[in-house]
S.K.: 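Questions regarding the structure given below will be posed in turn.
In what follows, every chain begins at residue 1, and chains take the letters A, B, ... in the order their sequences are listed. Computed from a predicted structure; not experimentally measured.
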Amino acid sequence: MDPEYIKWVQHVFVDLFNKGLIYRGKRMVNWCPKTLTAISDEEVIPTPQKSKLYYMRYAVAGEPGRFVEIATTRPETLMGDTAVAVNPNDKRYADLVGKTAVRPFPETEIPIIADEHIDPEFGTGVLKVTPAHDKADYEIGLRANLEIIDVLHPDGRINCPECPDLDGLDRFEARDKATEKLESMGLLDKVDDYENTVGFSERGHVPIEPRLSMQWFLKYPSVKEATDAVAHNNIVMRPERWRKTYLHWMENIQDWCISRQLWWGHRVPVWYQKEKAGALKNAESLDSSHAADLHVSTEPPTDPENWVQDDDVLDTWFSSWLWPFATMETVDQHLDPENNPDATSRCFYPTSDLVTGPDIIFFWVARMIMAGFEYKKELPFKNVFFTALIRDIQGRKMSKSLGNSPDPLDLIAKYGADGLRFGLMRIAPLGTDVRFDEKQIEEGRNFANKLWNAARYRQMVGDNQELTANSQLLTASLSIYDLDILAKLDDLATNLETAYTNYRFNDVGQLLYEFFWSNYCDWYLEAVKNNFKPDADPKRKTATLTVMDTVLSRFLQHLHPFMPHITEELWEKMGYGNGNDFLMLTPAVGDSAVPAIADRCPNPDQARQQVEAIYQSARVLRNLKAEYNVAANKNIRFIIPSTETAPWSEQELSTLALLTGAKEIATDPSFQADKGTPSALTPIGQLFMPLEGLIDVEAEKSRLNNELAKVEKEFSKAQAKLNNPNFVERAKPEAVTKARADLASWTEKREQLNAMITSLH
RNA sequence: GCGCGGAUAGCUCAGUUGGUAGAGCACCUGGUUUACACCCAGGUUGUCGGGGGUUCGAGCCCCUCUCCGCGCACCA
């Protein structure tokens, strides 16, 4: 309702009127008897109903005792019947055509006609024609030049003074009353249960009434251009399948009934000459050829006393469809840019992406494309991203009337705005609807909490230092864990870019979540905790802090669009903005930062492999501890009975001990394992876990055999694959290479496990 | 009637050119080692809706059936 926006709405109305595309006419429209207004086809919701099919008889005039049987769902409109129709090819009734039938009340003779529309298979093959109250009947009426008798008031009550017992009754009460009357006259044969689909008013929630009414209509502009734009992928829809839906609608487009009989809305900018107003309003049609008697303008007439403005307002989408440009420039700027230099500075038209729901693809998207092209001679956007619809846990669409929509404010109170936002983004897949489950929002809150605590930890272990991440990184002595997490941070940036490019926002959420929770918190932070012990090397501590700041600050940048509040808060509290820059105003990572790792270490792969070996070993050893129920025992020692521990330094082994919750990992070439000492095969070799008094040869044998069984299974699978000549010949080379590597790895594990089992004997 | 989705662990859902089925929650076991119990470690869980086909190989491709959802048309 901004004054400038109102001007646009009026300008477009006037323009389309002058182009002959807007006209006023008496047409069959969808009428809502509850809200007392016309509505568009798109606002009619077809709803399956359990109703009745009434079989009744009309007497054939002049042939006493002869009747035609008619099946109808709406006996209450019988007073508006002006014909009875059969299919011209229906031999059963061929002799009746041209005769007349007797409408029982108000009693009169009506013609029996033939029309192609009648389906001989339906009911009795005979249709009562009520041109005022059915769209198809209206068409038949036009073809046969039938009289039109309107027997309903706008609110759905019967308007038929000739039948006092029906007059004034609600349409559904009248249905029963009319049935009773027919029955008492002996004209009702039977009533069958019947399931049909009835159009309901989207807002009024009552069956709509097809009604002959004076309304304003629009013949859509720029239809061809809007169709071609999508057909030729100048506008790309995601998911792509909506394209077909769009094109189907565009190819069968109908004129749009744009007038509404409501109090609120943009008023139709049309004034009628006072003395001719009555006649003009009831004219069969009005268009630009009547311009002389009308004032159609964005400005009211200068002599208002001589004019009467049209009472109707416009469909709400008649203003919405102008949104891409009407929000960007005023009509004056549009029409006369030279004298309104602001026009270019404010106008972001076209934009790149429209994000919306597929339920308004016709209401809004299609119409914006048409209006955009019509007024800007250019398409309004290049991509349309249709989000998923969030349904309730039972799969129902959320709606006010069902009351199944959670209040966002309640959710925000419980989980925080960022938690809600992140939770939703993580379940926003490309292409399908999703059931809303509060658990998923809880996950968002937990993630925010995790982030907060990780930042707190950073503050706990070291002073807040001014972050000059890149230069400090270059001089720091980085551990393999540092290199590993920085390389993963680089990977994250790359993967996020891909996900964004493909509009896979749930992937973005997943990538952010996994990197931070798993890679950074669960592994990296745990692996570097030794560096904060009192006796740790200060240089190593500084390097670790620098890496933590690098990861945290970049991660906050990556996460910011998904969790704007907490990231902004931490950005400030951690001092990453140097006390003056908002994170919101900081260029995105891809625009500003060099890759974290590339300059420092051109080939981090070796470090990554070493780290993976340590982490994988930690998993195996944790597992071993769990299997022997000593997971909580911090005094456990692991022994490597070999000197061949290179490249594993004391430091890496102590990190591994930290990660496994063990006292130490010791190399001891002289170690002689007692038979039955639990041991495990890890990427860094075979490790023993001596347990005082807990040695049980049989238990250990059975455990190792279990493990061997799994390995054997994988081994045979890999072997079978490579023994298949078809695979080796036809599969992709990468697949074959990988299969060979797998087989080699399983072979080795198999041999080692066998050796371990043999040593128990 | 025409068209479009969906059916994968108990639940909500990922699974990107066909190549050893995943996440979170739930559940079970153990854990308060000074970031986090909104947490940590470990574990259990699948005839990938049914049937058929193509292929060396199918959750993924083709055909068919069943069920759920959506759009369009019709509905006397």
S.K.: Between A:K244 and B:C4, is there a side-chain N or O to OP1/OP2 distance below 4.0 Å?
M.R.: yes
S.K.: Is there a donor on the side chain of A:R241 or the base of B:C4 sitting less than 3.5 Å from an acceptor on the other?
M.R.: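 In this structure, the two groups form no donor-acceptor pair.
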S.K.: Distance check, C1' atoms only: B:G22 and B:C60, in whole angstrom units.
M.R.: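 These two C1' atoms come out 15 Å apart once rounded.
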S.K.: Nearest heavy-atom pair of A:M548 and A:Y576: which atoms, and what distance?
M.R.: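 Shortest heavy-atom contact: O-OH, 4.5 Å.
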S.K.: Base, sugar-phosphate, or nothing for A:D742, non-hydrogen atoms under 4.0 angstrom?
M.R.: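 Here A:D742 touches the bases of the nucleic acid.
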S.K.: When you get a sec, tell me which of B:A26, B:G42, B:A35 is the closest nucleotide to the side chain of A:N453?
M.R.: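 Closest nucleotide to the A:N453 side chain: B:A35.
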S.K.: Could you check whether any side-chain heavy atom of A:V126 comes within less than 4.5 Å of a side-chain heavy atom of A:L96, counting everything from C-beta outward?
M.R.: no
S.K.: For nucleotides B:G18 and B:U32, find the distance between their C1' atoms and express it as a whole number of Å.
M.R.: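 Pairwise C1' distance, B:G18 against B:U32, rounds to 49 Å.
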S.K.: So what does A:A454 touch, heavy atoms closer than 4.0 Å: a base, only the sugar-phosphate, or nothing?
M.R.: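 Base contact - A:A454 has a heavy atom under 4.0 Å of at least one base atom.
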S.K.: Over how many whole Å does the gap from A:D137 atom CG to B:C74 atom P extend?
M.R.: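 So the two atoms are 13 Å apart, to the nearest Å.
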S.K.: State whether the side chain of A:K625 and the backbone N or O of A:N633 hold a donor-acceptor pair below 3.5 Å, judged by distance alone.
M.R.: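 Pair found, side chain donor or acceptor close to backbone of A:N633.
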S.K.: Between B:A21 and B:G46, how far apart are the P atoms? Round to whole Å, please.
M.R.: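 The same atom, P, in both gives a distance of 13 Å.
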S.K.: Flag the pair A:W242 / A:Y246 as yes when their ring centroid distance falls below 6.0 Å, and as no otherwise.
M.R.: no
S.K.: Would you kindly give the CD-to-P distance between A:E121 and B:C75, to the nearest whole Å?
M.R.: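 So the two atoms are 16 Å apart, to the nearest Å.
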S.K.: Under 6.0 Å from the six-membered ring centre of A:Y457 and within 45° of its axis: does the NZ or CZ of A:K529 meet both?
M.R.: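 Satisfied, under 6.0 Å and within 45°.
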S.K.: Nearest to the side chain of A:K717 - B:U20, B:G15, B:C75?
M.R.: B:U20
S.K.: For A:E514 and for A:M460, find the nucleotide of RNA chain B with the closest heavy atom, then tell me which residue's nucleotide is more 5'.
M.R.: A:E514
S.K.: Distance check: side-chain N/O of A:R622 vs OP1/OP2 of B:G31, anything under 4.0 Å?
M.R.: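 So the side-chain polar atoms of A:R622 never come under 4.0 Å of the phosphate oxygens OP1 or OP2 of B:G31.
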S.K.: Which nucleotide wins on minimum distance to the side chain of A:K439, given the candidates B:C72, B:A26, B:G19?
M.R.: B:A26
S.K.: With sugar-phosphate meaning primed atoms plus P, OP1 and OP2, does A:Y194 contact a base, only sugar-phosphate, or nothing at under 4.0 Å between heavy atoms?
M.R.: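 If one applies the 4.0 Å heavy-atom cut-off, A:Y194 turns out to touch the sugar-phosphate alone, with no base involved.
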S.K.: A:F715 CZ to B:U20 C1': how many Å, rounded?
M.R.: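 These atoms are roughly 15 Å apart.
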S.K.: Which label fits A:F555 and A:F447: parallel for a plane angle under 30°, tilted from 30 to 60°, or perpendicular past 60°?
M.R.: perpendicular
S.K.: If you take atom types as modelled and just measure distance, does the side chain of A:E526 reach the base of B:A35 with a donor-acceptor pair under 3.5 Å?
M.R.: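 Answer is yes: a donor-acceptor pair is held.
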S.K.: Report which part of the nucleic acid A:K128 touches: base, sugar-phosphate, or nothing (heavy-atom distance under 4.0 Å, all strands).
M.R.: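 Touches nothing.
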S.K.: Select base, sugar-phosphate, or nothing to describe what A:R456 touches, counting heavy atoms under 4.0 Å on all strands.
M.R.: sugar-phosphate
S.K.: Would you say a side-chain N or O of A:N446 is under 4.0 Å from OP1 or OP2 of B:C39?
M.R.: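 Result: yes.
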S.K.: Any side-chain to backbone donor/acceptor pair from A:N252 onto A:H248? Under 3.5 Å, distance only.
M.R.: yes
S.K.: Assign A:N623 to base, sugar-phosphate, or nothing according to its heavy-atom contacts below 4.0 angstrom with the strands shown.
M.R.: sugar-phosphate
S.K.: For a quick check of understanding: with a heavy-atom distance under 4.0 Å over all strands, which category does A:E714 fall into, base, sugar-phosphate or nothing?
M.R.: base
S.K.: Parallel under 30°, tilted from 30 to 60°, perpendicular over 60°: which one fits the rings of A:Y503 and A:F385?
M.R.: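 Geometry flag for A:F385 against A:Y503: parallel rings.
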S.K.: Less than 3.5 Å between a donor and an acceptor, one on the side chain of A:K450 and one on the base of B:C36, is that the case here?
M.R.: yes
S.K.: Under 4.0 Å: is that the gap between some side-chain N or O of A:K713 and OP1 or OP2 of B:U20?
M.R.: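 Result: no.
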S.K.: In whole angstrom, give the distance that lies between atom OH of A:Y457 and atom C1' of B:U33.
M.R.: 11 Å
S.K.: Does a side-chain N or O of A:H248 approach OP1 or OP2 of B:C70 to a distance below 4.0 Å, or not?
M.R.: no
S.K.: Give a yes or no on whether A:R637 atom CZ has more than 12 heavy-atom contacts from other residues, nucleotides or ligands under 6.0 Å away.
M.R.: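 No - once you tally the heavy atoms of other residues, nucleotides and ligands closer than 6.0 Å, there are 12 at most.
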S.K.: Would you mind telling me which of B:A41, B:A35, B:C38 lies closest to the side-chain atoms of A:K529?
M.R.: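 Within the option list, the nearest is B:A35.
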S.K.: So that I can tick it off, tell me whether A:E707 and A:R703 are bridged by a salt bridge, with the cut-off set at under 4.0 angstrom between side-chain N and carboxylate O.
M.R.: yes
S.K.: Establish, with yes or no, whether the OP1 or OP2 oxygen of B:C38 is under 4.0 angstrom from a side-chain nitrogen or oxygen of A:W452.
M.R.: no
S.K.: Considering heavy-atom distances to RNA chain B, does A:T73 or A:D41 have its closest nucleotide positioned more toward the 5' end?
M.R.: A:D41
S.K.: Across the strands shown, which category fits A:N629 at heavy-atom distances under 4.0 angstrom: base, sugar-phosphate, nothing?
M.R.: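 It contacts nothing in the nucleic acid.
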S.K.: Report the distance from atom CZ of A:F516 to atom P of B:G24, rounded to the nearest whole Å.
M.R.: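 So the two atoms are 16 Å apart, to the nearest Å.
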S.K.: Scan A:L53 against the nucleic acid and name what it touches under 4.0 Å (heavy atoms): base, sugar-phosphate only, or nothing.
M.R.: sugar-phosphate
S.K.: Over how many whole Å does the gap from A:Q49 atom CD to B:C75 atom P extend?
M.R.: 16 Å
S.K.: Look at the side chain of A:R445 and decide which nucleotide, out of B:G42, B:U16, B:C38, has an atom nearest to it.
M.R.: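 Looking only at side-chain atoms, A:R445 lies closest to B:C38.
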S.K.: Stems involving RNA chain B: give each as a range paired with a range, ordered by first number, where a stem means at least three consecutive Watson-Crick or G-U wobble pairs under 3.5 Å.
M.R.: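 Runs of three or more consecutive pairs: B:1-7 with B:66-72, B:10-13 with B:22-25, B:27-31 with B:39-43, B:49-53 with B:61-65.
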S.K.: Looking only at heavy atoms, what is the nearest atom pair of A:L512 and A:L492, with distance?
M.R.: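 Closest approach of A:L512 to A:L492: N-CD1, 4.4 Å.
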S.K.: Using atom P in both nucleotides, what's the gap between B:G43 and B:C68 to the nearest angstrom?
M.R.: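 Between the two P atoms, the distance is 40 Å.
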S.K.: Roughly how many Å is it from CG in A:N635 to P in B:U33, rounded to a whole number?
M.R.: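 Interatomic distance, CG of A:N635 to P of B:U33: 14 Å.
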S.K.: Would you measure the distance from the C1' atom in B:U34 across to the matching atom in B:C25 and give it in whole Å?
M.R.: 30 Å
S.K.: Mind checking the P distance from B:G49 to B:A41? Whole angstroms is fine.
M.R.: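 Pairwise P distance, B:G49 against B:A41, rounds to 32 Å.
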S.K.: Using the C1' atom in both, what is the distance from B:U8 to B:G15, to the nearest Å?
M.R.: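 These two C1' atoms come out 9 Å apart once rounded.
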S.K.: Rounding to a whole Å, what distance do you find between A:E707:CD and B:G43:P?
M.R.: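 Distance check: A:E707 CD to B:G43 P gives 12 Å.
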S.K.: Between B:C61 and B:U54, how far apart are the two C1' atoms, rounded to whole Å?
M.R.: 8 Å
